[in-house]
Q: 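Quick one: this structure, given as structure tokens, is what I'll be asking you about.
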Amino acid sequence: MKAKILYIEDNEQNFYLVNFILNAKGHDVIWAKDGKAGIETANRVRADLILLDIQLPVLDGYAVAQALRSNPELVTTPIVALTSYAMTGDREKALQAGCSGYIEKPIRPDTFAAQIESYLFAKSSESSAI
């Protein structure tokens, strides 16, 4: 299944690695470099999945997740926090803000694509059940 994935991330190296891994699996990755641009892009492109860094310029990832969840057209779009925030409570805070999942950085290149595809598969399973 080829997917359109929006990655909201301010670090070019992080984007490059994720883009490389997901392109190799046939997915298209769109990049937004800050929280405000991420919201605007999400509203425009209708991605199948959104990867969201938490520590972003302009608006942090928590505010972005809340804004995205307030859009009725994005309510079912999986949002996965992809972040170096790994302290106790960070996962719960991301989920409470509206994220569907949480992956800690640094990512593991050998398992990352499978992690992302599990979120895509879960979404497609929900869609086909409706």
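Any value given below was found using the heavy atoms of this structure, including those in side chains, with hydrogens, waters and symmetry copies removed.
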Q: Hey, what do you get for CG (L6) to CG (D28), rounding to the nearest 0.5 Å?
A: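 It comes to 12.5 Å.
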Q: Shared ILVMFWY cluster between L49 and V29, side chains joined below 4.5 angstrom?
A: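 They do share one cluster, since a chain of ILVMFWY contacts under 4.5 Å joins L49 to V29.
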Q: Are the side chains of I5 and V18 in contact, using a 4.5 Å heavy-atom criterion?
A: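 A side-chain contact under 4.5 Å is absent here.
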Q: Between L68 and L95, is there shared hydrophobic-cluster membership here, with clusters defined by ILVMFWY side-chain heavy atoms closer than 4.5 Å?
A: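 Not linked; separate clusters.
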Q: Taking the side chain as everything from C-beta on, heavy atoms only, tell me whether T41 gets closer than 4.5 Å to W31.
A: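 A side-chain contact is absent here, since even the closest heavy-atom pair is not under 4.5 Å.
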Q: Is there a side-chain contact between Y7 and L82 (heavy atoms, below 4.5 Å)?
A: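 Yes, their side chains come closer than 4.5 Å.
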Q: Hey, are the side chains of I39 and N71 touching, using non-hydrogen atoms and a 4.5 Å cut-off?
A: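 No, side chains not in contact.
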Q: Between N11 and D53, is any side-chain donor less than 3.5 angstrom from a side-chain acceptor?
A: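 Not at all, the side chains of N11 and D53 share no donor-acceptor pair under 3.5 Å.
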Q: Check whether any side-chain heavy atom of I107 lies under 4.5 Å from a side-chain heavy atom of N14, and answer yes or no.
A: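 No, their side chains stay 4.5 Å or more apart.
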Q: Under a 3.5 Å distance rule, please check whether D60 uses its side chain to pair with a backbone N or O of I54 as donor and acceptor.
A: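 Here the side-chain-to-backbone pair does not exist.
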Q: Within a strict 4.5 Å, meaning less than it, do heavy atoms of the L51 and V80 side chains meet?
A: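 Result yes, sub-4.5 Å side-chain heavy-atom pair found.
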Q: State, with a plain yes or no, whether a side-chain heavy atom of H27 is found less than 4.5 Å away from one of E117.
A: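 They are in contact (side-chain heavy atoms under 4.5 Å apart), so the answer is yes.
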Q: Show your reasoning for whether side-chain contact (heavy atoms from CB on, under 4.5 Å) applies to I103 and I116.
A: CA-CA 9 Å; I103 298 173; I116 296 307; 3.8 Å; yes
Q: If you measure from CG on D34 to CD on E9, what distance do you get to the nearest 0.5 Å?
A: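 Going from the CG atom of D34 to the CD atom of E9 covers 11.5 Å.
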Q: Could you report the tightest heavy-atom contact between K33 and P57, atom names first, then the distance?
A: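 That closest heavy-atom pairing would be O-CG, 3.9 Å.
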Q: Taking atom CD of E92 as the centre, does the number of heavy atoms from other residues, nucleotides or ligands within less than 6.0 Å exceed 12?
A: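 Above 12, so yes.
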Q: Do F112 and Y119 belong together in a cluster built from hydrophobic side chains that touch within less than 4.5 Å?
A: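 The answer is yes; both residues are in one hydrophobic cluster.
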Q: Under a 3.5 Å cutoff, is there a donor and acceptor pairing between the side chains of R91 and T83?
A: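 Note: R91 and T83 side chains miss the donor-acceptor criterion.
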Q: Under 6.0 Å from the NZ atom of K105, do we count more than 12 heavy atoms belonging to anything else shown?
A: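 Above 12, so yes.
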Q: For I21 and A113, which heavy atoms make the closest approach, and how far apart are they?
A: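 It is CG2-CB, 4.0 Å.
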Q: Do Y62 and Q96 have side-chain heavy atoms sitting under 4.5 Å apart?
A: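 No, side chains not in contact.
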Q: Mind checking the CZ-SG spacing from R69 to C99? Nearest 0.5 Å is all I need.
A: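 Here the rounded value is 7.5 Å.
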Q: Please answer: with hydrophobic residues joined when any side-chain heavy atoms are less than 4.5 Å apart, are L59 and L52 in the same cluster?
A: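 Hydrophobic grouping puts L59 with L52.
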Q: To the closest 0.5 Å, what do you measure between CG (D10) and CD (Q55)?
A: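 Rounded to the nearest 0.5 Å, the CG-CD separation comes to 7.5 Å.
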Q: Counting neighbours of CD on E104 that are heavy atoms of other residues, nucleotides or ligands and sit closer than 6.0 Å, is the number greater than 12?
A: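 More than 12 heavy atoms, drawn from other residues, nucleotides or ligands, come within 6.0 Å of this atom.
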Q: Under a single-linkage definition using a 4.5 Å side-chain heavy-atom cutoff for Ile, Leu, Val, Met, Phe, Trp and Tyr, are L56 and F15 assigned to the same hydrophobic cluster?
A: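 Shared cluster, no.
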